[in-house]
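I have placed the structure first, in the form of C-alpha cells, so that the comments after it can refer back to it.
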2 protein chains.
Amino acid sequence: MSKNVYAFGGGSAEGRVEMRNLLGGKGANLAEMSSLGLPVPPGFTITTEVCTHYTQNGSVYPEGLVDEVNTALAMVEDIIGARFGDPDNPLLVSVRSGARASMPGMMDTVLNLGLNDETVTGLAAASGDERFAYDSYRRFIQMYGDVVLGVEHHNFETILADHKDEHGYSLDTDLTAADWKTIAAAFKAKVEKALGEPFPMDPHEQLWGAVSAVFGSWMNDRAKIYRRLHDIPEEWGTAVNVQSMVFGNMGNTSATGVCFTRNPSTGENAFYGEFLVNAQGEDVVAGIRTPQPLTLAEKDLGHSNLPAMEEVMPEIFGELCDVREKLENHYKDMQDMEFTVQQNKLWMLQTRNGKRTAKASFKIAVEMADGGLITKEEAIKRIDPAALDQLLHPTLDPNAPRNLLGKGLPASPGAASGKVAFSAHEAEELAAKGEKAILVRVETSPEDIGGMHAAQGILTTRGGMTSHAAVVARGMGRPCVAGAGDIRVDYQAQKLTASGQTVNAGDIITIDGSRGDVMLGPVETIQPELTGDFGILMSWVDEVRTMGVRTNAETPEDAKTAVKFGAEGIGLCRTEHMFFDPARIINMREMILAGDEAGRRSALAKLLPYQRDDFTELFSIMKGLPVTVRLLDPPLHEFLPTKDEEMEEVAQAAGATVEEVRARAAALHESNPMLGLRGCRLGIMYPEIYEMQCRAIFEAVASVSNDFGKTVVPEVMIPLVGSKKEFDILKEMVDRVAIDVASETGIQLTYLTGTMVELPRAALRAGEIAEGAEFFSFGTNDLTQTTFGLSRDDSSAFLETYVNQDIFEKDPFVTIDQEGVGELVHLAAERGRATRPDVKLGICGEHGGDPASVHFCQTVGLDYVSCSPYRVPIARLAAAQAALAGAKQKVVA
Amino acid sequence: MSKNVYAFGGGSAEGRVEMRNLLGGKGANLAEMSSLGLPVPPGFTITTEVCTHYTQNGSVYPEGLVDEVNTALAMVEDIIGARFGDPDNPLLVSVRSGARASMPGMMDTVLNLGLNDETVTGLAAASGDERFAYDSYRRFIQMYGDVVLGVEHHNFETILADHKDEHGYSLDTDLTAADWKTIAAAFKAKVEKALGEPFPMDPHEQLWGAVSAVFGSWMNDRAKIYRRLHDIPEEWGTAVNVQSMVFGNMGNTSATGVCFTRNPSTGENAFYGEFLVNAQGEDVVAGIRTPQPLTLAEKDLGHSNLPAMEEVMPEIFGELCDVREKLENHYKDMQDMEFTVQQNKLWMLQTRNGKRTAKASFKIAVEMADGGLITKEEAIKRIDPAALDQLLHPTLDPNAPRNLLGKGLPASPGAASGKVAFSAHEAEELAAKGEKAILVRVETSPEDIGGMHAAQGILTTRGGMTSHAAVVARGMGRPCVAGAGDIRVDYQAQKLTASGQTVNAGDIITIDGSRGDVMLGPVETIQPELTGDFGILMSWVDEVRTMGVRTNAETPEDAKTAVKFGAEGIGLCRTEHMFFDPARIINMREMILAGDEAGRRSALAKLLPYQRDDFTELFSIMKGLPVTVRLLDPPLHEFLPTKDEEMEEVAQAAGATVEEVRARAAALHESNPMLGLRGCRLGIMYPEIYEMQCRAIFEAVASVSNDFGKTVVPEVMIPLVGSKKEFDILKEMVDRVAIDVASETGIQLTYLTGTMVELPRAALRAGEIAEGAEFFSFGTNDLTQTTFGLSRDDSSAFLETYVNQDIFEKDPFVTIDQEGVGELVHLAAERGRATRPDVKLGICGEHGGDPASVHFCQTVGLDYVSCSPYRVPIARLAAAQAALAGAKQKVVA
C-alpha cells in the first residue's frame with residue numbers, strides 16, 4: 001500500500017519540494033518551507049494519486065486513506081494543541097486544492113472547517129471575540145454550502161441583505177455578534193430547506209465532504225478549460241491540502257497579504273507586495289477591497305496612498321524580509337508568497353515560483369545569472385518562449401497623442417486596442433468574427449476565462465495587482481489595466497463613462513498595461529526594443545543552440561523584420577503570394593486561361609520580370625544568407641475570380657469571353673483541392689511555369705552576384721513530391737534552366753535542389769528521394785492534414801469537441817503530433833540521411849515557431865527550423881532550451 | 001565482358017528456354033526447339049541487355065557486339081551453306097523483336113534482309129523463280145524503307161498502284177518478273193529521292209539498320225501503350241532475333257501457318273490452326289487473305305469451306321502433328337506455333353504458350369491436371385485471374401429473340417452490347433462519357449489498341465481467328481467477332497449495312513464472340529454457368545488458399561450474387577447507401593436539418609426500422625457468415641440536395657424554409673470533404689446517429705437469432721479512425737447499445753468491434769488502437785488518397801500523364817502501391833498483432849479484387865480480402881496463386 005498522506009508542520013515535513021508531482025505545487029512547497037523552519041501552519045497533503053484513483057474509480061477512495069488522514073490529523077492537533085471538534089478548544093482547518101501546476105481560482109476551497117454549533121463557542125472563547133467567531137461560522141456555512149452542498153451563494157446573500165435591510169444596516173461591519181449568530185442559524189436553515197437534511201455538524205463528515213468537493217472540482221468545466229489553455233494534462237490530478245486555520249481577520253494586529261521577492265511586472269530586484277489589515281486571504285485575491293502596499297518604496301512610486309506594511313507592522317515586515325531572502329536563495333527563483341498575520345504572529349501559507357511578465361523574466365534571469373545565483377544555462381531555461389510573444393510586438397508610441405480616459409494599475413504589460421466588450425461572451429463573439437476586443441469588467445471571475453483569452457486586453461475597475469484579472473492576464477500574456485476606479489461601467493446600458501466621456505460597447509479603446517493608461521480610440525505604436533536584458537539573454541541563447549533558425553517570408557518587410565529578429569535565412573519563400581499583386585494577377589490569370597503551352601509561355605514571359613525583381617530584392621535583403629524558394633504550390637483555380645464582376649474584368653483583360661473564363665474556372669474546379677492538381681503536379685503538367693520561376697531565381701542570383709561578399713546560394717524547393725520520379729523529372733528541369741542562365745549571364749551558379757516532405761509517401765520513400773534531393777523541408781502543415789486525413793479549413797467544425805474530449809491533446813496544427821506525424825518526420829530524416837548523410841533538414845510548417853514542436857525538431861536532429869518573423873526569437877530560445885534539455889544531438893556523418 | 005549473342009540451329013543452341021529474360025520469349029523458344037531437334041531455321045538472338053544498354057546510352061551498342069554478331073552469322077552461313085551478300089548463293093535473314101512477354105504487332109520486323117541488286121539474281125537462280133526473287137526484293141525495299149528509313153508505306157503503294165493502272169493490271173498476281181524488277185528500281189529511286197542518299201546495298205549496313213530499328217521500336221508509342229495496358233516494365237527491353245529466311249511463298253508446295261496444340265477459344269483438346277498456301281507468314285496474321293483450316297475436323301464444324309491442310313499436304317500435316325505432341329509434352333502447356341513450308345520442307349519459326357480465353361484456360365488446366373501432365377497446383381497457376389472477369393458476367397440468352405445482322409468468326413468469347421463506334425477515337429470518347437461502345441472496323445491495327453481497350457467488344461469484317469483484332473481481343477478479355485464478311489462498313493458515311501439493314505454510328509448492336517453472331521439492338525442475358533471445369537478448378541483453388549474471400553455488398557442482390565460466387569462473408573457493408581432510397585432520404589435530410597440532438601433523434605427514430613430491416617435481410621441471406629457493417633461514413637452534405645427544386649421539396653417535407661435548408665447546406669459545405677467531418681468524426685459529434693445504427697444492427701441480429709443454426713456475429717466497423725481515443729469512445733457507445741438491446745430482447749449478443757485503417761495515422765498508431773479494436777479492415781482507397789495526398793476524384797486531370805511518364809507504374813487506385821501505401825499496411829498489421837496477436841485483418845478497398853494486390857495481402861498475412869461480388873472468384877483464384885507462390889504465410893499465434 002502506497003503512502004497517500006504527507007504531513008508537515010512544527011519544523012519538519014514528510015514531503016519535499018521535489019515531490020511536486022505527488023503533492024502538487026502548494027503541498028510540496030508547504031512541506032519544503034516547513035523543513036526550512038519557516039512558520040507554516042501544520043497540516044497534511046492528500047496526494048494527486050488519490051485524485052486519479054478517485055476520478056477513475058467512480059469517486060471511491062483507496063483503502064486505508066481514512067486511517068492515514070486520522071493519523072495526520074492527530075499530529076496536527078498535537079502541534080497546535082487543539083482538537084478537531086473539541087467544543088472548548090477546537091482545531092479549524094482549511095481544505096484547498098494544489099495541482100502540479102498553478103491553476104489560480106480554478107478549483108474549490110473551504111475555510112474554517114471544523115466549526116459547528118458547539119465548536120463556535122470554543123472559537124469565541126479562544127479568540128475572545130464572539131463576533132469574529134460567528135462571522136467565521138456563517139462564512140464557513142456559506143462556503144461549504146456552496147462548494148460542497150451545491151447551495152449557491154445568492155441564497156445566502158439574500159438572507160444577509162434582508163437582515164441588513166430589516167435592521168437598517170448598510171455595511172457588514174455594522175453587524176454585531178448576535179446578528180451573525182442569527183444569520184448563521186438562518187444559513188443553516190436555508191441549507192436544510194434546500195437539501196432536506198440538516199447542515200452537517202460532524203467535523204469529520206465536513207472534512208470528507210470538502211476533500212471530495214476539491215477532488216471533484218478537478219473535473220469541473222472551468223478547470224478543464226484552464227488546463228486546455230495551459231496544456232495541463234488531465235492525468236496529473238490535484239492534491240488536497242488540509243491545514244490548520246490561521247486568521248488574518250482577528251482585529252488590527254492581524255493581516256493577510258501576497259508578496260513577490262522581485263517585481264513580477266518589471267523584474268526589478270525590489271520586494272513587492274500587497275496586504276490588507278484585518279482580512280482573510282481571499283479578500284486580497286478577490287479584489288473586493290483595494291489593498292495596501294508592502295513597502296514604502298512602492299508607495300513612493302505613487303501607485304498607492306494607503307499606508308505600507310513597512311510602516312504599520314515594521315517588525316512583521318522585517319520577519320517577512322528575512323523569509324524573502326531565505327526563500328529566494330533556497331529556490332533560486334523569484335517567489336510568490338502568501339502570508340497571514342494572526343495577532344502579530346507571521347504565518348507563511350504558500351510559496352511558489354512567481355508568474356512574471358516576459359520583460360520581467362528576462363531581467364530576473366539576467367540579473368540572477370550575473371549575480372551568480374544561477375548559471376547562464378539556467379537563465380535560458382527560465383524564460384517561457386510562449387510568453388515572449390508579447391515582448392516582440394509593437395508597443396504604444398509614448399509620444400503619440402493620447403485621449404486619456406483614466407488610469408489604473410499596470411497589471412500586465414503590453415498595449416492593445418480593440419472594441420469594448422462588457423462580457424466574456426461578447427468578447428468571444430467579436431474574436432470569432434476576427435475582430436479585436438477589450439474585455440471591460442468591474443472585476444473578473446473564473447467564469448470569464450474564455451472571454452479573457454479571446455480578448456486582446458483586459459480592463460477592470462476594481463481589484464489590485466494580484467486580483468484575478470491581473471494574475472490571469474499575466475499568465476496569458478494579455479495586457480491588463482486593473483482597478484481603474486475612476487472609470488464607471490454600466491453593464492445594463494452597455495457603456496462606460498470616464499473623464500466626462502461616454503464609451504459604448506463596440507467603440508474602440510486602447511489600454512497600456514505597462515503604465516496603467518486607458519485611452520479612447522487607437523494609439524500609434526512603435527517597434528519593440530530588442531536590446532538590454534533581452535539582447536543579453538538572446539546572445540547566450542545563440543551560443544547554446546545547435547539548430548539554425550530561419551523565417552518564412554516572401555515580402556521585403558517580413559524579410560527585414562525577420563533579419564532584425566535574428567533569422568539566419570529564409571526557410572520558406574512562397575512564390576505564389578507574389579502573384580496576387582493587382583499588376584500581376586492579370587498575367588497570372590491570362591496564363592491560366594491560355595488554352596495551350598504557347599499561350600501560357602507568352603503570359604509567363606510577362607510575369608518573369610516581376611518575379612525576378614522580387615527575388616533580387618529578397619536576396620539583397622538577405623545578403624548571402626540561404627533562401628529557400630518554393631516553386632508554385634496552390635491549385636491554379638485559387639488565382640481565378642469567383643464573382644461575376646471580377647469574371648468580366650478578367651475576361652476583358654485576357655481577351656476572352658466571360659463564358660470562356662467561367663468554363664475554365666469550372667474545368668479547374670476540384671472536389672478536394674488539397675489533394676488535387678497542385679504542387680509539383682503543376683510542374684509536371686505545365687513545366688513552363690516552373691521553368692519561368694527557376695529562370696527568375698537564377699537571373700536574380702546573377703544580378704546580385706557582385707553586390708556583397710558572399711555568394712548567393714538559392715535553395716530551390718519542389719513542393720508536394722510523393723515519389724522519386726517526380727523529383728528527378730523536375731530537378732532535371734531546374735538543372736537545365738540553371739545551365740541556360742549560367743551560359744547566358746556568364747555567372748557561375750551554385751544552388752541546392754530539394755523538396756518539401758509533406759506527404760506520408762514522401763516520408764516513407766525519403767530514402768530514394770534523397771538520391772536526388774539535397775535538402776528536405778518538412779511541410780508539417782500539409783503532413784498533418786494528410787496523416788490525420790484532416791483538412792485544416794474544415795476541421796474547426798469539430799476540433800474544439802476533439803480537444804475537449806481529449807481526443808487531441810492539443811490542436812495538431814499548432815503543436816506537432818509527435819506520435820503520428822512525428823514518426824513520419826523521424827523516419828524520413830533517418831531514411832534521407834541513410835542515403836545522403838549530409839542531406840540538409842529543416843521544417844517550414846507553422847510548427848517551426850511552436851516551442852514544443854521546436855523541441856521535437858531537436859530530437860530529430862533537424863538542421864534548422866523556419867517560422868514567421870515575429871516568432872523567430874521564440875524559436876531561437878526554444879531551440880536553445882531544447883539543446884540544454886539534452887535532446888539528442890544532430891547525427892551527421 | 002558478358003555474352004551478348006546466342007546462336008541456334010542445326011540441332012543445337014547456346015540458349016535455353018529458361019533464359020527467357022535474356023533472350024526474350026521468341027529467342028528462348030527458338031533455342032529450345034533447336035535443342036529438341038525440331039527443324040528451326042538457324043539464326044541468333046541479340047539479348048535484352050543489349051536493348052537496355054542501347055536505350056540508356058544514347059543508341060550506342062556495347063563493345064564487341066559487332067564481332068559477336070559476325071561470329072554467329074558465320075555459323076548460320078555454315079549451317080545453311082549460303083553466304084551473306086554472296087551474289088551467287090546469298091543468305092537472307094529476318095530481323096524480329098522478341099520481348100520477355102509477347103507483344104504481338106507492337107514492334108518492328110524486317111524480312112528478306114540481305115537482298116540487293118546483286119544478290120537478287122542469286123536468289124532468282126537458287127529458287128529458279130525470277131518473279132519471286134524480284135517480288136521479294138521489292139517487298140524488302142518497301143519494308144526496310146518504312147521500318148528502318150522512315151519512308152512510309154503509302155509512298156510505295158502509290159508507285160505500285162500507278163504501275164498497275166498504267167499496265168491495266170488489277171491483281172498483284174498479274175505482275176511479271178520484269179514488272180517487279182521495274183517496281184523495285186522505282187522503290188529504290190523513291191527512297192533515294194526522299195532521303196537524299198541511295199538505298200543501302202551493303203547487307204551488313206542493312207543488318208545493323210534493322211537491328212537498331214527493332215531496338216528503337218521498344219520505345220515507340222504503340223509499344224509503350226501496350227506495355228502499360230499489360231503491366232510490362234520498360235526495363236525488360238526486347239531481344240532481337242536474326243534468323244535465316246525460309247519462304248512460304250515459293251509456289252504451291254510452299255505455305256505458312258499458325259497453329260495451337262489445343263483450341264484456344266474453347267480449350268478443347270483438338271489440333272487447331274490456319275494456313276495459307278504460297279504466302280509469307282505476315283499474310284496470315286494481317287488478315288488480308290482469309291486462311292484455310294488446318295484439320296478436317298475443323299472444316300467439318302462448318303467454320304470454313306476451304307480445303308484443310310490435312311487434305312492438301314497430308315505428309316507435312318503429319319510432321320506437324322508430331323511437332324504438336326512433342327512440344328506440348330515438353331512445355332506441358334498449350335502451344336501457339338508458327339510454321340512455314342518451303343517447297344515441301346517444314347520449318348518451325350516459333351512456339352510459345354498460347355493465349356486462350358478464360359473458358360479455355362479452365363478446360364485446358366483441368367484436363368491437363370486430370371491427364372497427369374501437370375499437377376493441380378500447376379493447373380491453378382495456369383489461370384490468369386484478370387482474364388476470369390469475362391467468364392463471370394452474364395452472357396446472351398440463347399433463347400432470346402435476336403435480330404441477326406450477320407455472322408463472323410467467334411474470335412473471342414463473351415457477349416457485349418454498345419453503341420457502334422467506327423474509330424478507336426470514337427470508342428474512347430464514348431467510354432470517357434461512361435457509355436458502352438462496340439468498335440467496328442474493317443480490320444484493326446496496333447494504332448487501335450486504345451479504342452479496343454475502351455470498347456466493350458470488337459467487330460471486324462476482315463481477318464481470321466489469328467488476326468490482330470482476334471489476338472488482341474482475347475488478350476484483353478474483350479468479346480470479338482472477326483471477319484464478318486457480309487457486313488459492309490462505310491467509314492465516310494459513318495454506317496454499316498448488313499442483311500438489308502443500315503446501322504448508324506451511335507446505334508446499339510450486340511456481338512456474341514462465342515458464336516460469331518452480330519445482332520441489332522440489345523439482347524437479353526443470362527447468368528454465367530459456374531459448374532463444369534470452372535467449378536472443378538475453383539474447388540482446387542479453395543483447398544489451396546489460406547486467405548478468406550469476402551464481398552463488399554449492401555443490397556440483397558449483391559449479397560446473393562456474391563454468395564453464389566463463393567463469398568465467405570461480407571467484408572464491407574456501406575450503411576450510407578441504404579439511406580439514398582427515396583422513402584428514406586427524406587428522414588435522413590430531416591435528421592441533418594435538425595437544429596439539435598432532439599430533432600436528430602426524432603428523425604433517426606424514423607430511419608431505425610428501415611435500417612433494421614436492411615440488416616435483417618442481409619443476415620438472412622448470409623446465414624451466419626460474418627458481416628462487417630461500417631457505420632455512417634460520408635459527410636452529411638452528400639445527402640442534401642443541390643438543385644433549387646429539390647431544396648424546396650426537402651424544405652416542405654422537413655417543415656423548414658428553403659432559406660433554412662440552403663443555410664444548413666452552406667454551413668455543411670467543406671473545402672475538402674474528403675478530409676472533413678465524416679467517418680467516426682460524425683460519430684463523435686452526433687453520437688445519436690451511430691447509436692441508431694448499432695441499435696438497428698443488434699435488433700436485426702436478435703430478430704434472426706432463431707432462423708438458422710449458426711449465431712450471427714456482426715462485426716461493427718468504425719470508419720476513419722485516426723487515434724485510439726476516437727475508437728475507445730465509440731466502442732464504449734457500441735457496447736452500451738449492445739447491452740441495452742440484449743436486455744430489451746433477452747437475446748445474448750456476440751459481436752466484434754473494429755476499425756477501418758484508412759489514414760496514415762491509424763496505421764502508425766495501430767498498436768494502441770488494437771488495444772480496443774478486435775479487427776482492422778484496410779480501407780486502401782482512402783489510405784491511398786491520404787498517403788499520396790491524391791484525391792481520386794480529381795486525379796484524372798493528371799493521372800494519365802503520371803502513368804505515361806512512368807511516375808506511377810500503375811494507377812495506385814487499381815493496384816496497391818506496395819512501396820508507400822503497402823509499407824503502412826505492413827506496419828499496421830505488425831503493430832496490431834504485437835498488441836493483439838489474433839486481431840482479425842482484412843482489406844475492403846477496391847484493391848481486394850485486384851490480383852496483384854491480393855498477392856500483396858498474402859505477403860502481409862491478412863485473414864481475408866473483400867471485393868465486389870463479380871470479383872469474388874478472381875480474388876479466390878488470386879489468393880490461391882499467392883499461397884502457392886510461397887508468399888509468406890500468415891503469422892498468428
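Scope of the values below: all heavy atoms of this structure, side chains included, with no hydrogens, waters or symmetry mates. Remember, it's a predicted structure, so these values are computed and weren't measured experimentally. In what follows, chains are A, B, ... by sequence order, proteins preceding strands, each numbered from 1.
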Picking from [options], which has the most non-hydrogen pairs under 4.5 angstrom with chain B?
options                : answer
A/V821, A/T801, A/L790 : A/L790
A/S795, A/G789, A/G820 : A/G789
A/Q785, A/E768, A/E726 : A/E726

message: Counting heavy-atom pairs closer than 4.5 Å to chain A, which one of B/A667, B/P673, B/A763, B/G676 comes out on top?
response: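 The candidate making the most pairs under 4.5 Å is B/P673.
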query: Where is the tightest heavy-atom contact between B/P760 and A/P760, given as atom of each residue plus distance?
result: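 Residues B/P760 and A/P760, closest heavy atoms: CG-CG, 3.6 Å.
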message: Applying a heavy-atom distance below 4.5 Å, give me the residues of residues 677-686 of chain B that approach chain A, sorted by number.
response: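 Counting heavy atoms that sit under 4.5 Å from chain A, the residues of residues 677-686 of chain B involved are B/L677, B/C680, B/R681, B/I684, B/M685.
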query: Can you tell me how far the CG atom of B/D794 sits from the CG atom of A/L668, to the nearest 0.5 Å?
result: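 The distance works out to 11.0 Å.
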query: B/L675 versus A/L675: any side-chain heavy-atom pair under 4.5 Å?
result: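 B/L675 vs A/L675: side chains touch.
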- request: Examine whether an atom of B/T787 lies under 4.5 Å from a heavy atom of chain A, and if so say whether it belongs to the side chain, the backbone or both; otherwise answer neither.
  value: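 When you check distances to chain A, atoms from both the backbone and side chain of B/T787 fall under 4.5 Å.
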- request: Scan residues 805-818 of chain B for pairs that pass side chain to side chain donor-acceptor pair (under 3.5 Å), counting only residues two or more places apart or in two chains.
  value: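 Output for this query lists A/R761-B/D817, B/T815-B/D850.
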task: For A/N672 and B/S791, indicate whether the former's side chain and the latter's backbone hold a donor-acceptor pair under 3.5 Å.
output: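 Judged by distance alone, no pair lies under 3.5 Å.
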task: Spell out the residues in residues 718-725 of chain A that have some non-hydrogen atom less than 4.5 Å away from a non-hydrogen atom of chain B, in order of number; otherwise answer 'none'.
output: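 Residues of residues 718-725 of chain A touching chain B at under 4.5 Å: A/S723, A/K725.
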task: Could you tell me whether B/R831 and A/E823 make a salt bridge, using a distance below 4.0 angstrom between a side-chain N and a carboxylate O?
output: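 So B/R831 pairs with A/E823 through a salt bridge.
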query: Do other residues, nucleotides or ligands put more than 12 heavy atoms under 6.0 Å from A/E732 CD?
result: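 12 or below, so no.
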- prompt: Relative to chain B, which segment of A/E819 carries a heavy atom at a distance below 4.5 Å: side chain, backbone, both, or neither?
  reply: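 Its backbone and side chain both get close to chain B.
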message: Taking side chain as everything from C-beta outward and backbone as N, CA, C, O, which of these in A/F808 sits under 4.5 Å from a heavy atom of chain B? Side chain, backbone, both or neither.
response: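 It is neither, since no heavy atom gets under 4.5 Å.
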task: For B/Y690, enumerate each residue passing the side-chain hydrogen bond (donor to acceptor under 3.5 Å, both in side chains) test, keeping only those at least two apart in sequence or located in another chain.
output: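 For B/Y690, no residue satisfies side-chain hydrogen bond (donor to acceptor under 3.5 Å, both in side chains) once neighbours in sequence are set aside.
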